[in-house]
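Residue numbers start from 1 in every chain, and the chains themselves are labelled A, B, ... in the order their sequence lines are given, proteins ahead of strands. A quick note: this is a predicted structure, and the numbers were derived from the prediction, not measured. The basis for the numbers below is simple: all heavy atoms, side chains too, and nothing from hydrogens, waters or symmetry mates.
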Protein chains: 2
Amino acid sequence: MSSSAREAILAAAKRTAQAHGYGGLNFRDLAAEVGIKAASIHYHFPSKADLGAAVARRYWEDTAAALESMLAENSDPLRCLQRYPDIFRKALESGNRMCLHSFMAAEHDDLPDAVKQEVQTFADVNVAWLSKVLSAAALAGSEQSEGRARAIFAAIAGAQLLARSRSDLALYDALIASYRAAGLLPA
Amino acid sequence: MSSSAREAILAAAKRTAQAHGYGGLNFRDLAAEVGIKAASIHYHFPSKADLGAAVARRYWEDTAAALESMLAENSDPLRCLQRYPDIFRKALESGNRMCLHSFMAAEHDDLPDAVKQEVQTFADVNVAWLSKVLSAAALAGSEQSEGRARAIFAAIAGAQLLARSRSDLALYDALIASYRAAGLLPA
DNA sequence: ACCTGAACACCGTTCAAGT
DNA sequence: ACCTGAACACCGTTCAAGT
């Protein structure tokens, strides 16, 4: 496969960025992981900005696909809403990693414009999906569903962030339970 | 004043860290801002870890003082709860900066232990204050108040993070309004 | 007490050059 | 097409020296 090096770089960069951010991405470590030299990465991604944008784009593409298949597998939109926090939980389960969007949101001031663009699209994809599911579950009118969707997305990102800072999965679960008890998420 | 250089370093480092994180701190830029040379910072802070820990400590000390004075100025605990999100709003107003705790929570894997310690204390201070105020406002039983306090802290951090990623203060306000509408925050 | 110049080891990034 | 060596810029740190 002619694109296997490129794919391997993308996969390794995604994993690293979820733990160390865009700033934590570095060509030498990445290259070592893939089995080539640091300078060779520039053949596939001319600059770090290009790599970052490609990683962020792939990240939201994968998420969009996962969300769509979740919707396809569950006829009940309420069930989808209940499972949504599991996506963010999985990142914590996998080496206390976090959502790439959240990390890059923090790094906003240091991000090339092309990367910022893809980061925004990740949020848009999640909010649009949540909004659609909220409407389908008749949990929010079509005018309010987007606002509620944004609130859910932001709150879950915050829960993941706090849980990560303690390396505490149980804290994440407790926060999601609190959101449900408070009425932000459906029980 | 014998400590003015030290204080100036702390203040500059705090501002930088709120926009670029611990990783974005560097002695040369910091020194230039303060008007001394990079090597001189080591007289006040032997290592970067020492500086980072001192900044994070000062950050939660300042926050603790602000929270206590808010409580002293407002006899009504409910009023305090309503004003709590303003603290996070002010950081966004000030050059789209964010809570140091949130940024360092993201950077968790790359933080020296002494810094992690202070980051945790910031969360503890906020949660303890929120818990106390929730109980005083009779909005949560003493068993549930800590859980609710954590949920509020995490959700507001998430709102700030999302708003920062768009440089959009109105989005922050909308998210807080959504939290109120959903019942997570008192209206 | 407080500060600095100079040097060190290290690392990410770039680019001209290799095959 | 794909990869690399070597140079470059930068950063945290040290230390002998300065005031």
If only side-chain N and O atoms count, and only distance matters, is there a donor-acceptor pair under 3.5 Å linking Thr121(B) with Asp124(B)? no

If I take atom [atom1] in residue [X] and atom [atom2] in nucleotide [N], what distance separates them, rounded to the nearest angstrom?
X	N	atom1	atom2	result
Lys48(B)	dT14(D)	NZ	P	14 Å
Phe45(A)	dC3(D)	CZ	P	12 Å
Ile41(B)	dG5(C)	CD1	C1'	16 Å

Run through the side-chain heavy atoms of Ile, Leu, Val, Met, Phe, Trp and Tyr, join any pair under 4.5 Å, and report what else lands in Tyr43(B)'s cluster.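 Members other than Tyr43(B) - counting any ILVMFWY side chain reachable under 4.5 Å - there are none.
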
Has [X] got a side-chain N or O lying under 4.0 Å from the OP1 or OP2 atom of [N]?
X	N	value
His42(B)	dC2(C)	no
Ser40(A)	dT4(D)	yes
Tyr43(B)	dC2(C)	yes

If Ile, Leu, Val, Met, Phe, Trp and Tyr residues are connected whenever their side-chain heavy atoms lie under 4.5 Å apart, and connections chain through other members, are Ile152(A) and Met98(A) in the same group? no

Can you tell me the pairing partner of dC10(D) across any strand shown, Watson-Crick or G-U wobble, with both distances under 3.5 angstrom?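 Partner of dC10(D): none found under 3.5 Å.
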
May I ask which nucleotide in the shown strands pairs with dA17(D), Watson-Crick or G-U wobble, both distances under 3.5 Å?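 When the pairing criteria are applied, nothing turns out to pair with dA17(D), so the answer is none.
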
Under 4.0 Å, heavy atom to any atom of DNA chain D: which of residues 19-37 of chain A qualify? Ile36(A), Lys37(A)

For the residue pair Tyr84(B) and Trp129(B), does the interplanar ring angle fall in the parallel (under 30°), tilted (30 to 60°) or perpendicular (over 60°) class?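 Correct class here is parallel.
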
Would you verify whether the NZ or CZ of Lys48(B) falls within 45 degrees of the ring axis of Tyr22(B) while also being under 6.0 Å from that six-membered ring's centre? yes

Does this structure show an ion pair linking Asp109(A) with Lys116(A), if we count only N-O contacts that are shorter than 4.0 Å? no

